[in-house]
Amino acid sequence: MAERVVFRSVWLPWLLVAPQLIITAVFFLWPATEAILQSTELPDPFGLSTQFVGWDNFDYLFGDRYYRASFLTTAIFSLSVTALSMSMALLLAVLADSVVRGSGVYRTLLIWPYAVAPAIAGVMWLFMFQPSIGLFPYWLKVLGYEWNHVLNPGEAMSLVVIASAWKQVSYNFLFFLAGMQAIPRSLLEAAAIDGASPWHRFRTIVLPLLSPTTFFLLVINVVYAFFETFGVIHTITAGGPGQSTMIMVYKVYADGFVGQDLGSSAAQSVVLMLIVGVLTVVQFRFIERRVHY
Amino acid sequence: MVRNNSLATVLTHVLLIIGIGIMCLPIWLTFVGSTVTRAEIVHPPLPLWPGDQFLTNYREALFGGRQAPVLQMLWNSAIMAFGIAVGKIAISLLSAFAIVYFRFPGRQLVFWTIFMTLMLPVEVRIVPTYEIAVNLKLLNTYAGLILPLIASATATFLFRQFFMTVPSELAEAARIDGAGPMRFFKDILLPLSRTNIAALFVILFIYGWNQYLWPLLITTDQDMNTIVMGIKRMIPSADDYGNWPVTMATAILAILPPALVVIFMQRLFVKGLIESEK
């Protein structure tokens with residue numbers, strides 16, 4: 001931390017940090033500690049007392065077929081969301097970067113979907129794909145395909161992936177566009193004079209120079225898919241059919257609030273905290289040493 | 001200038017328009033769905049052009065009150081979004097000021113405690129946070145909607161970063177002129193941070209408005225629901241046709257405030273987004 005201390009007071013700095021520290025202690029540290037404690041306890045069936053059980057909740061959790069399945073579901077879900085939204089955004093950013101006229105209008109039209117909440121995105125995509133009234137199932141039926149994500153696990157997964165990815169395209173687009181506009185034009189011009197085709201210029205100049213942005217977005221998108229897509233899942237599939245769209249964050253909620261299995265839910269919270277911890281460290285490592293060629 | 005022939009330019013524009021079409025299609029169809037009759041929705045396909053029921057559906061959504069108190073929910077969302085934005089900015093400004101301009105025992109500890117909140121999204125520690133909120137009697141209160149979401153490491157870091165770019169001579173001069181720390185904070189630091197505060201406000205307003213899981217748990221009373229979560233109850237289930245037009249009108253109403261913020265404060269929005277993620 002850089003030293004630039006000018007003011008001296010014993011009590012004032014504490015008064016200044018007090019609001020944030022109190023909020024952090026009450027709503028972050030206390031619940032996190034509770035989660036860790038609860039993850040080693042088992043309440044009796046009436047919820048009157050609890051018993052220390054050590055690693056039992058974790059043993060049970062990792063022995064649970066459904067929990068292991070939700071790991072896989074989460075992996076498939078977050079990789080698909082990340083790949084889909086980033087590639088769509090990159091394509092749009094390349095296009096928007098190359099137009100001169102109207103680029104402001106294009107940019108506005110592409111970033112405003114950022115304002116849509118994940119839950120509202122869920123409602124909108126549900127409306128479009130609702131098996132009995134949706135527009136897309138109707139068109140698909142005309143083409144001879146019977147769409148029903150309420151019964152078909154693959155279709156349910158595709159729908160939540162598309163809805164979640166759609167919501168994130170604007171964000172990725174904005175960062176890709178900013179990254180591209182930071183690339184010196186002279187580099188591209190020099191390559192063009194040397195006879196490099198647009199595709200060649202993109203592959204050998206733009207893409208490598210975008211790698212810091214790409215890596216950053218990779219982490220952000222995985223975090224988004226892990227933690228912020230709850231609203232999409234809850235409005236479209238509620239984890240179903242069966243457990244086919246039960247991502248880990250949704251399972252913490254489903255087991256803790258719907259299933260009332262507090263020990264297991266707390267153990268799942270602890271596992272998720274470890275995952276966020278790793279992702280945060282990765283992100284910060286990267287910010288220290290940016291990925292460069 | 002890298003030369004583009006005109007065919008390539010036209011093709012780029014066409015592709016961009018197709019891309020925008022894909023991106024805006026869900027919102028367009030939602031809007032169309034909010035302007036037609038129930039009968040038109042029950043018998044697919046949905047028309048691609050808005051119908052004439054705009055006023056009827058929006059009036060029913062806002063004032064009908066049969067399904068859910070939409071006007072009240074919009075109000076709750078506004079309070080929550082404002083509360084979170086103002087609260088986060090206020091506590092972050094103060095703590096960043098303390099961390100940058102004072103040396104006190106435990107400063108590093110404070111810094112790392114705040115840093116740790118980065119690792120704990122509310123979704124992760126949801127059950128114990130809910131229990132604590134219930135114990136503190138925060139169920140169905142605005143404080144319950146706002147307080148747990150206002151601690152934020154990113155806002156504190158952003159202000160810390162910014163304060164460190166402010167020349168230290170300014171603080172030095174203020175001190176020599178006999179201004180106390182709070183005077184310096186109010187008269188010099190705050191005015192200098194205006195753009196940063198505005199940019200952050202835009203981002204945090206959208207963040208607060210779009211919260212879903214926390215309001216879902218903390219508000220059991222319909223009159224305390226926020227619009228983004230309250231809409232969940234209005235989704236017709238698979239086997240009843242419900243009232244999709246009113247649900248879609250509510251969805252549009254839920255999108256409108258943050259969308260207007262993004263469109264009309266685009267410069268601040270972009271600045272806030274890019275800086276808060278650094």
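Per chain, numbering begins at 1; letters A, B, ... match sequence-line order. All values derive from a computational prediction rather than experimental measurement.
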Among Ile231(B), Leu217(B), Ile206(B), who wins on heavy-atom pairs under 4.5 Å with chain A? Leu217(B)
Taking atom CG of Leu216(B) and atom NE2 of His234(A), what is their separation to the nearest 0.5 Å? 5.5 Å
Which atoms of Ala155(B) come close to chain A, meaning under 4.5 Å heavy atom to heavy atom: side chain ones, backbone ones, both, or neither? neither
Beyond-backbone contact of Tyr106(A) with His13(B), side-chain heavy atoms, under 4.5 angstrom: yes
One should read off an interatomic distance between Ile236(A) CD1 and Ile235(B) CD1, to the nearest 0.5 angstrom, of 8.5 Å
Between Phe28(A) and Arg125(B), is there a cation-pi geometry (under 6.0 Å to ring centre, at most 45° from the normal)? yes
If you measure from CD1 on Ile23(A) to CG on Leu147(B), what distance do you get to the nearest 0.5 Å? 4.5 Å
Side chain, backbone, both or neither: which part of Leu48(B) has a heavy atom under 4.5 Å from chain A? side chain
Is it the side chain or the backbone of Val249(A) that comes within 4.5 Å of chain B heavy atoms, both, or neither? side chain
Among Ile91(B), Leu94(B), Leu93(B), which one satisfies side chain to side chain contact (heavy atoms under 4.5 Å, CB included) with Leu16(A)? Leu94(B)
Using non-hydrogen atoms only, which part of Met248(B) is less than 4.5 Å away from chain A: side chain, backbone, both, or neither? side chain
So which of Leu260(B), Leu11(B), Ile126(B) has the biggest tally of heavy-atom pairs under 4.5 Å with chain A? Ile126(B)
Taking side chain as everything from C-beta outward and backbone as N, CA, C, O, which of these in Met248(A) sits under 4.5 Å from a heavy atom of chain B? Side chain, backbone, both or neither. neither
With a 4.5 angstrom heavy-atom cut-off, could you sort out which part of Gln211(B) is near chain A: side chain, backbone, both or neither? neither
Per the side-chain hydrogen bond (donor to acceptor under 3.5 Å, both in side chains) rule, what does the pair list look like for residues 15-24 of chain B, sequence neighbours excluded? none
With sequence neighbours excluded, what pairs up with Thr33(A) under the side chain to side chain donor-acceptor pair (under 3.5 Å) test? none
Is there a side-chain contact between Tyr212(B) and Pro118(A) in this structure, where contact means two heavy atoms from C-beta onward sitting under 4.5 Å apart? no
Need one label for Leu138(B): side chain, backbone, both or neither, based on atoms under 4.5 Å from any heavy atom in chain A. side chain
What part of Met124(A) is in contact with chain B, defined as an atom under 4.5 angstrom from a non-hydrogen atom: side chain, backbone, both or neither? both
Honestly, the part of Ser265(A) sitting under 4.5 Å from a heavy atom of chain B is side chain
With a 4.5 angstrom heavy-atom cut-off, is it the side chain or the backbone of Trp125(A) that approaches chain B, or both, or neither? side chain
Report which part of Tyr207(B) has an atom under 4.5 Å of a heavy atom belonging to chain A: side chain, backbone, both, or neither. neither
Can you tell which part of Val26(A) gets under 4.5 Å to a heavy atom of chain B, answering side chain, backbone, both or neither? both
Do Leu273(B) and Tyr114(A) come close enough that some side-chain heavy atom pair is under 4.5 Å? yes
dist Ile132(B):CD1 -> Phe27(A):CZ (nearest 0.5 Å) comes out at 8.0 Å
For chain B, find which of Ser9(A), Ala35(A), Ala117(A) contributes the most heavy-atom pairs closer than 4.5 angstrom. Ala117(A)
Leading residue by heavy atom contact count with chain A [cutoff under 4.5 Å; candidates Pro148(B), Ala254(B), Ala98(B)]: Pro148(B)
Side chain from CB out, backbone as N, CA, C, O: work out which of these in Gln38(A) comes under 4.5 Å of a heavy atom of chain B, or both, or neither. side chain
Examine whether an atom of Ala178(A) lies under 4.5 Å from a heavy atom of chain B, and if so say whether it belongs to the side chain, the backbone or both; otherwise answer neither. side chain
I want to check something: taking the side chain as every heavy atom from C-beta on, are Leu174(A) and Phe269(B) in contact at a cut-off of under 4.5 Å? yes
Interface moiety of Leu136(B) toward chain A, non-hydrogen atoms closer than 4.5 Å: side chain
Is Phe136(A) close to chain B through its backbone or its side chain, or both, or neither, when contacts mean heavy atoms under 4.5 Å? side chain
Minimum heavy-atom distance Ala259(B)-Trp112(A), with the two atoms named: CB-CE3, 3.8 Å
Student check: side-chain heavy atoms of Leu15(B) and Leu91(A) closer than 4.5 Å: no
Indicate the atoms forming the closest heavy-atom contact of Val127(B) with Gly256(A), along with that distance. CG2-CA, 4.1 Å
Chain B contact via Ser186(A) - which portion, at a heavy-atom distance below 4.5 Å: neither
Residue among Ile227(B), Val270(B), Leu29(B), Ile17(B) with most heavy-atom pairs under 4.5 Å to chain A: Leu29(B)
Most chain B-contacting option - heavy-atom pairs closer than 4.5 Å, from Val252(A), Leu126(A), Ile111(A): Ile111(A)
Determine whether Trp244(B) and Gln130(A) make a side-chain contact, defined as any pair of heavy atoms from C-beta on separated by less than 4.5 Å. yes
Answer with side chain, backbone, both or neither: which region of Leu46(B) has an atom nearer than 4.5 Å to a non-hydrogen atom of chain A? both
Taking side chain as C-beta onward, heavy atoms only, is Phe104(B) less than 4.5 Å from Leu12(A)? no
Under 4.5 Å, counting heavy-atom pairs only, tell me which of Val262(B), Leu213(B), Val228(B) racks up the most with chain A. Leu213(B)
What closest approach, in Å, do Phe7(A) and Gly180(B) show between heavy atoms, and which atom pair accounts for it? CE2-C, 4.3 Å
Would you compute the distance between atom CG of Leu109(A) and atom CD1 of Ile20(B) and round it to the nearest 0.5 angstrom? 5.0 Å
Nearest 0.5 Å, what's the CH2-CZ distance between Trp14(A) and Phe102(B)? 13.0 Å
Relative to chain B, which segment of Leu92(A) carries a heavy atom at a distance below 4.5 Å: side chain, backbone, both, or neither? both
Max heavy-atom pairs within cutoff under 4.5 Å with chain A, candidates Thr30(B), Thr250(B), Leu25(B), goes to Thr30(B)
With heavy-atom distances below 4.5 Å as the criterion, would you say the side chains of Leu16(B) and Leu110(A) are in contact? yes
